[in-house]
Student: 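Have a look at this one before I ask anything.
We count residues from 1, following the sequence as given.
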Amino acid sequence: MRRHLILSLLLFWIVCGLGNSPLPAQAPASDLESLEERAFKQAAALMNPSIVRIETVGGQDRVGKLITGTGPTSGVVVSRDGLIISSAFNFIGKPSSILVTLPDGRRFPAVVVATDHLRMLTLLKIEADNLPIPTAVPEKDLQVGMWSIALGRTFELDQPSISVGIVSALERIWGKAIQTDAKISPINYGGPLVDIQGRLMGILVPLSPGATGETAGVEWYDSGIGFAIPMTDVLKVIPRLNTGKDLHPGLLGITLSGKGDLSTEMNLDRVRYGSPAQEAGLKAGDTLIKLNDKPVALHSEVKSVLMSLYAGDTVSLTVTREGAKEPLTFKATLTEKLVPFESGFLGILPVREAQNQTTTGVGVRYVIPDSAAEKAGVKAKDRILEFNQQKVTSAEMLAFLVNHLRPDDQASLLISRDEKPVKLDVKLQKTPDAVPAEIPTQAIPSRTAQENKTQKIKAGHYKEKLPGSDSSYWAYVPENYHPDYEYGLMVWIHPPGNTMESTIFNEWKSICEQRGIIIVGPTAEDVIRWNRNETEFVEAVVKSMQQRYDIDPTRIFLLSHADGADFAFDLAFKYRELFRGVAVTEGSLKSRPPETDPDYPLSLYFALNAHNPLNQLLQPRLDLIREMNYPTVFQLIKNDQQPGEYPEKPFLEEIGRWADSLDRI
């Protein structure tokens, strides 16, 4: 700390023109603190004339789950003729008007010139001249550990708000941002981050390393983790924004094999249909060795390059390819949007083998009517031995191979029927948007409650708390639960104000016994509402059930009713690797879902009362979900049920069939 104080004192003398004065051999701590305070104030004063207050009027009150702010925010002058840069977050509500107030009290209407959706910046224009432009810190001068001062113009006009910290990291958020531990919050988003000399280091914005979108990173405000876009990068992008055209993240359309940012598996697992990568000539199975002429050996190195580029930028990729004598280099122009991922569909339900059963290939339990498999001649009790000349050893492997093809792609099957090999050709289809009227259940040898008790397997209807937690949940495990077979898991998310435990248990008990499904019902800490931070509790409950029972990971799904749907979808999209389906009754998806993920397919089911006029208005949103290629079933309940009531048994049985077919291939 003393080292920082002395550095502050030295820089303060430089700022004040006292650099030629001798440094005292020893100064009292109180004097050093006083000089440090003066240095911070001087740095803020030097930047002060270029910080503006921004106020918005009108627009949306809410974006997704976030209530948009109505208070003033900040911006920074970047040209003498009235260009102002700010955080894009300040304008996500699409205000009808924007007002900018200068430090001298003058107010101007502002217009949005353009928005950078990659670095989350917005360029504004006011009709003013001779505005003061701040001095930017040269990129080479930015260092970890140097003082950083976050400023904003939200309170008094004569002086900015000040928060002091240090630069804790550079090139964060995949190379895009400076990280600081100075307090950053919505009131100074769009404001400047300056050094001890009052020079502009960057523009404060909310960002997240793992999420994207207009509100990503907002949840970190005042946490000691804040981000600023380096001013050198801001100055580079201003001319592009000043053309009036928005900038968007550039998308290439590849996925790499292996998981995690530190993975060294550089094979292209998928090349998206219609993507820049496919149009450039890249193929699945290629091994990426260079990106923009720089060697890449980790997934994180690929992200650092691609996630800092815009749509329209060109990137070069060098790969090795099986059969090619030398590496191949391709150039691709990144795009703003990719064709939504869509997996091919074969149309079978696989046999669910017992854990102690050794078999060859994948047994066919059921062939879905009018599917590609039925048209090719596949029958129940066949065993699929090969798919496109690749041996099939498990249902998971077969699903992986089918998942890598698209609808209308051709494939070959080698099956065993009556112990004789049969070759078939199949043309894959789209995943159907309806549930078959009949799906046979898989016979599971029954066990008595006494047998489960002897093996200390808890079955039946019970309530528990997670160890070390005050939060509780209830569960129902079929009394004849057999540990050698995998069961589906239905995670019941109750609507605000009513756990509906009795209703769900009574209505679903027989369906779960028939379909081999376990129910678990987490209870919100405050029953009248779910808090978003309770997603971790629900995840912990699911993982606890996975440890205690044999759960099929392809048949873990969320079920909810009415307003509980909001929290159910929050869970589904946050834990993509955990949940494979969401079924909601009298509820809907209120915001645009994320892009479909080929590695973690998610199926959706909506049951809505036809007599509720509000449900009729949801059709465009459901059409959007289907356009994004989420496998979606939309069922209108046309009986005499009142709007808001829980559906009757026939509709629940259809949801049961839907859940029982989540492992379809």
Side-chain angles (χ1 to χ4, degrees), residues 43-57 72-92 95 97-142 148-154 157-161 176-178 188-195 197-205 227-248 308 310 312:
L46 289 171
M47 186 66 207
N48 183 47
S50 300
I51 308 172
V52 303
R53 176 191 291 171
I54 298 173
E55 297 167 280
T56 58
V57 180
T73 54
S74 306
V76 177
V77 174
V78 290
S79 78
R80 296 182 64 82
D81 61 350
L83 288 178
I84 293 165
I85 199 76
S86 186
S87 167
F89 174 79
N90 297 335
F91 312 101
I92 60 173
S97 61
I98 302 170
L99 295 174
V100 168
T101 305
L102 302 180
D104 60 12
R106 290 182 293 162
R107 301 182 79 193
F108 297 87
V111 296
V112 172
V113 179
T115 293
D116 178 343
H117 296 276
L118 175 64
R119 290 177 168 83
M120 298 312 294
L121 299 166
T122 291
L123 186 66
L124 304 177
K125 180 69 168 67
I126 63 173
E127 296 301 323
D129 296 313
N130 299 319
L131 300 181
I133 305 173
T135 301
V137 176
E139 186 174 11
K140 62 181 179 60
D141 288 357
L142 292 174
S148 58
I149 307 171
L151 304 174
R153 171 92 54 208
T154 54
L157 276 178
D158 58 341
Q159 60 183 9
S161 59
K176 295 196 289 284
I178 302 165
N188 58 14
Y189 288 155
L193 186 71
V194 304
D195 68 1
Q197 299 180 56
R199 299 180 301 174
L200 182 53
M201 302 168 75
I203 302 299
L204 302 169
V205 296
F227 300 103
I229 303 299
M231 201 57 199
T232 50
D233 292 340
V234 176
L235 293 174
K236 290 176 186 176
V237 81
I238 284 175
R240 296 176 69 173
L241 291 174
N242 204 23
T243 64
K245 184 178 180 181
D246 284 359
L247 301 178
H248 295 271
S308 63
Y310 295 97

Student: Report yes if some heavy atom in the side chain of R119 is under 4.5 Å from a heavy atom in the side chain of I203; otherwise report no.
Tutor: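 No, too far: nothing below the 4.5 Å cut-off.
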Student: Only counting residues at least two apart or in another chain, list the ones meeting side chain to side chain donor-acceptor pair (under 3.5 Å) with T232.
Tutor: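 If we apply the side chain to side chain donor-acceptor pair (under 3.5 Å) test to T232, skipping adjacent residues, there are no hits.
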Student: Listing request: all salt bridge (charged side-chain N to carboxylate O under 4.0 Å, His left out) pairs with a residue in residues 126-136, at least two apart in sequence or in separate chains.
Tutor: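 Checked against salt bridge (charged side-chain N to carboxylate O under 4.0 Å, His left out) - neighbours excluded - the pairs reaching residues 126-136 are K125-E127.
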Student: Report the residues that fulfil side chain to side chain donor-acceptor pair (under 3.5 Å) with S148, sequence neighbours left out, ordered by chain and then residue number.
Tutor: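 Listed in chain order: T180.
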Student: Please check: side-chain N/O of N90 versus main-chain N/O of Y189, any donor-acceptor pairing under 3.5 Å?
Tutor: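 Flag set: sc N90 to bb Y189 pair under 3.5 Å.
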Student: Looking only at heavy atoms, which two atoms of L151 and N188 are closest? And how far apart?
Tutor: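 Between these two residues, the closest heavy atoms are O-CB, 3.7 Å.
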Student: Any idea which heavy atoms bring V100 and A110 closest together, and the distance?
Tutor: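 Looking at all heavy atoms of both residues, the shortest contact is CG2-CB, 3.7 Å.
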Student: Can you name the nearest heavy-atom pair linking P109 to L99, along with the distance?
Tutor: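 Shortest heavy-atom contact: CA-CD2, 4.1 Å.
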Student: Show the nearest heavy-atom pair for residues A150 and L204, with the distance to one decimal.
Tutor: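 So the two residues come closest at CB-CD1, 3.8 Å.
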Student: Should K176 and L118 count as side-chain neighbours, where that means a heavy-atom distance under 4.5 Å?
Tutor: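 When only atoms from C-beta onward are counted, L118 and K176 do touch, with a gap below 4.5 Å.
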Student: Could you pull out all residues at least two apart from R199 that satisfy side chain to side chain donor-acceptor pair (under 3.5 Å)?
Tutor: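 Result, side chain to side chain donor-acceptor pair (under 3.5 Å) vs R199: D141, D195.
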Student: Of L102, V78, V52, which is the lone residue that meets side-chain contact (heavy atoms from CB on, under 4.5 Å) with L131?
Tutor: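 Answer to the side-chain contact (heavy atoms from CB on, under 4.5 Å) test with L131 among L102, V78, V52: L102.
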Student: Side-chain contact test, heavy atoms from C-beta onward, threshold under 4.5 Å: evaluate it for S74 versus T154 and give yes or no.
Tutor: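 Yes - at least one pair of side-chain heavy atoms lies under 4.5 Å apart.
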Student: Measure up the H248 and H117 rings against each other and bin them: parallel (under 30°), tilted (30 to 60°), perpendicular (over 60°).
Tutor: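 H248 vs H117 ring planes: parallel.
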Student: Considering non-hydrogen atoms only, spot the tightest contact between S79 and V77 and give its length.
Tutor: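 Here S79 and V77 meet closest at O-CG1, 3.4 Å.
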Student: For the backbone of R107 and the side chain of T101, can you confirm whether one donor and one acceptor N or O come within less than 3.5 Å of each other?
Tutor: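 Checked: no pair found.
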Student: With T115, which residues qualify under side chain to side chain donor-acceptor pair (under 3.5 Å), at least two apart?
Tutor: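 For T115, the residues satisfying side chain to side chain donor-acceptor pair (under 3.5 Å) (neighbours in sequence not counted) are T122.
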Student: Which heavy atom in N48 sits nearest to a heavy atom in P103, and how many Å separate them?
Tutor: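 Closest approach of N48 to P103: O-CG, 3.5 Å.
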Student: Under the salt bridge (charged side-chain N to carboxylate O under 4.0 Å, His left out) rule, what pairs show up with a residue in residues 237-246, not counting sequence neighbours?
Tutor: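 Qualifying pairs, neighbours excluded: R240-D313.
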